[in-house]
J.: 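The structure's right below; bear with me while I get my questions together.
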Amino acid sequence: MILILNDQVAPGHADYDSLMSALERLPQLQARVHRVEGAVRAVTEIYLIGPTEQLSLEDMSCLPGVERVVRVSQEYRILGRHKGEHRALAWDHKGVEFGQEHLHVFAGLCAVDTPEHVEAMCRGLRDNGQVCTRMGAYKPRTSPYAFQGHGRSCLDYVFEIAGKYGIRIIAMEITHEQHMDEIRAALAHTGSPVGVMLQIGTRNTQNFELLKAVGRQQEFPVLLKRGFGITLDESLNAAEYLASEGNQKIVFGLRGMKTNMGDPHRNFVDFSHVPVVRRLTRMPVCIDPSHSVGSRSRGADGVLDLVHATAQGVAAGANMILVDFHPNPAQALVDGPQALLMRELPYFLEDVAIARDAYLRRAALAARYAAG
Ligand code: PEP
Ligand code: MN
């Protein structure tokens with residue numbers, strides 16, 4: 001059960017103290033307090049854990065300071081879209097708004113290699129009106145002998161160059177909680193020219209200690225990729241780990257499933273789960289066509305499979321696209337064969353705009369028919 005408090009009620013307020021004393025008198029219940037910073041307001045929420053079936057909604061709504069009470073089902077307690085649950089999970093980071101109503105493109109380098117390539121990428125993004133990117137510094141690789149990313153040594157120039165071109169948010173994978181400290185330190189001594197969205201990759205979806213550490217901070221929003229070999233339910237529970245520690249600024253990423261049933265694509269494209277995640281939870285949903293499709297194969301109609309997959313996800317309501325580009329894919333140290341070219345950026349964005357328009361028209365059509 002979640003108690004949502006009136007705006008002004010927070011620790012230190014008289015109603016808050018009376019409420020907490022009342023909750024302490026309830027048997028076997030544990031109360032966890034969360035401060036939720038939404039796009040328009042910040043509220044305090046109290047999660048009651050234990051045998052809450054015995055509590056009536058009416059009684060709980062009458063407690064001091066309580067605005068509303070939500071009875072949650074067992075599944076995805078915080079992130080779930082429970083019966084009668086209309087609270088949006090939306091937030092602003094560095095002036096960019098996230099939620100199920102929005103769509104943002106994060107085009108960029110799978111792995112940072114040289115400052116020149118970072119600069120060419122950021123310049124291309126700026127010239128095409130983009131304020132978000134992806135830049136991999138810590139790369140989890142199958143082989144221990146493969147390039148592992150430049151790590152902390154590239155952070156300063158990545159942040160400085162991105163800031164110079166007006167980039168507001170960089171999605172960057174971390175594989176260890178210590179990477180958060182390295183990112184914080186680099187932001188501090190470059191004067192925080194950009195924001196960072198922490199990415200948890202598919203190989204770490206169930207690294208519960210990493211999830212808890214990332215969930216304990218709210219400075220950075222999180223892109224959590226689904227696990228490539230576990231069920232959707234297991235991956236959604238991984239997201240719930242982040243939220244249960246206090247960070248609800250989560251985008252859930254679809255990136256394809258590892259099975260040769262998806263051949264010749266690198267992974268089995270799973271973008272039909274976009275509406276499923278949006279129905280089961282309140283998280284915005286990201287698609288990663290690059291790691292799903294994994295190549296520049298072109299359809300008989302001349303459209304790249306990767307661009308077709310992107311359009312499928314966007315037409316189904318995706319809220320974010322993470323996509324690999326590279327100024328010179330032949331020189332890329334990771335995933336060059338699936339990178340789009342800089343000259344394809346305006347084309348890619350126009351194709352996305354067509355698919356987004358199709359989604360909005362499809363949703364309006366469905367609403368019209370539902371209204372009878
Ligand atoms: C990536 O986005 O660079 C990446 C490694 O993705 P995934 O974790 O989905 O394989
Ligand atoms: Mn990659």
Side-chain angles (χ1 to χ4, degrees), residues 104-113 117-118 121 132-144 146-151 154-155 158 169-176 179 183 196-207 210-211 214 220-232 234-236 238-239 242 250-259 262 265-271 273-274 277 285-296 305-306 309-310 313 318 320-341:
H104 302 295
V105 178
F106 282 62
L109 305 181
C110 175
V112 171
D113 39 35
H117 288 150
V118 173
M121 185 71 233
C132 299
T133 188
R134 58 159 298 155
M135 291 281 160
Y138 307 96
K139 300 303 301 178
R141 304 303 303 283
T142 303
S143 164
F147 173 63
Q148 307 283 310
H150 288 310
C154 68
L155 298 181
V158 168
I169 307 182
I170 302 179
M172 179 174 280
E173 178 164 1
I174 61 163
T175 56
H176 192 282
H179 298 155
I183 290 172
V196 171
M197 174 181 275
L198 301 177
Q199 186 177 320
I200 296 186
T202 194
R203 292 158 188 81
N204 275 313
T205 309
Q206 286 189 311
N207 181 341
L210 180 63
L211 294 172
V214 170
F220 305 115
V222 188
L223 167 62
L224 175 72
K225 297 270 199 102
R226 83 174 298 171
F228 55 33
I230 57 177
T231 62
L232 182 64
E234 287 164 327
S235 292
L236 294 177
L242 295 163
I250 310 167
V251 181
F252 187 82
L254 297 172
R255 49 81 70 214
M257 303 299 295
K258 201 183 242 329
T259 156
H265 290 159
R266 181 174 174 182
N267 287 287
F268 199 103
V269 181
D270 56 351
F271 299 166
H273 276 167
V274 168
V277 178
V285 182
C286 174
I287 52 168
D288 177 344
S290 304
H291 291 82
S292 301
V293 171
S295 76
R296 293 181 48 85
D305 288 10
L306 199 157
T310 306
M320 173 171 161
I321 304 166
L322 191 76
V323 57
D324 290 359
F325 273 74
H326 199 284
N328 187 346
Q331 289 175 4
L333 298 177
V334 184
D335 285 346
Q338 70 192 24
L340 297 180
L341 314 174

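First listed ligand is number 1; within each ligand, the first listed atom is number 1. Note that the structure is predicted; figures quoted are calculated from it, not measured.
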J.: Examine the side chains of Asp270 and His273 and answer whether a donor and an acceptor come within less than 3.5 Å of each other.
T.: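 No donor-acceptor contact under 3.5 Å links the two side chains.
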J.: Excluding sequence neighbours, so at least two apart, what forms side chain to side chain contact (heavy atoms under 4.5 Å, CB included) with His265?
T.: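 Here the qualifying residues are Val269, Val293, Asp305.
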J.: Counting no waters, what protein N/O/S atoms lie under 2.8 Å from the Mn ion (ligand 2)?
T.: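 Less than 2.8 Å away from the Mn ion (ligand 2) sit Cys110 SG, His291 NE2, Asp335 OD2.
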J.: Which one of Val285, Ile287, Asp288 satisfies the side chain to side chain contact (heavy atoms under 4.5 Å, CB included) criterion with Phe271?
T.: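 Filter result, single survivor: Ile287.
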J.: Within the structure provided, determine whether Val251 and Leu224 are in side-chain contact (heavy-atom separation under 4.5 Å).
T.: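 Result no, sub-4.5 Å side-chain heavy-atom pair not found.
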J.: Side chains of Thr310 and Ile321: closer than 4.5 Å at any heavy-atom pair?
T.: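 Heavy-atom side-chain distance check passes, below 4.5 Å.
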J.: With no hydrogens and no angle check, just 3.5 Å: does a side-chain donor-acceptor pair link His291 and Asp335?
T.: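 A pair is found: one side chain offers a donor N or O, the other an acceptor, under 3.5 Å apart.
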J.: Check ligand 1 against the protein and report each N/O to N/O distance under 3.5 Å, formatted as atom name, atom name, distance.
T.:
residue	atom	partner	partner atom	Å
ligand 1	2 (O)	Arg134	NH1	2.9
ligand 1	2 (O)	Arg134	NH2	3.3
ligand 1	2 (O)	Gln199	NE2	2.9
ligand 1	2 (O)	Lys225	NZ	3.0
ligand 1	3 (O)	Arg134	NH2	2.7
ligand 1	3 (O)	Lys139	NZ	2.8
ligand 1	3 (O)	His291	NE2	3.4
ligand 1	6 (O)	Lys225	NZ	2.8
ligand 1	8 (O)	Thr202	N	2.8
ligand 1	9 (O)	Lys225	NZ	2.6
ligand 1	9 (O)	Arg255	NE	2.6
ligand 1	9 (O)	Arg255	NH2	3.4
ligand 1	10 (O)	Arg203	NH1	3.0
ligand 1	10 (O)	Arg255	NH2	2.8

J.: Sequence neighbours left out, what passes side chain to side chain contact (heavy atoms under 4.5 Å, CB included) with Asn267? Give chain and number order.
T.: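 So Asn267 forms a side chain to side chain contact (heavy atoms under 4.5 Å, CB included) with Arg255, Lys258.
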J.: Distance alone, cut at 3.5 Å: any donor-acceptor contact between the side chains of Gln338 and Arg296?
T.: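 No - no donor-acceptor pair under 3.5 Å links their side chains.
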J.: We want to know whether Gln331 and His117 form a side-chain donor-acceptor pair, criterion being a heavy-atom distance below 3.5 angstrom.
T.: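 Gln331 vs His117: donor-acceptor pair found between side chains.
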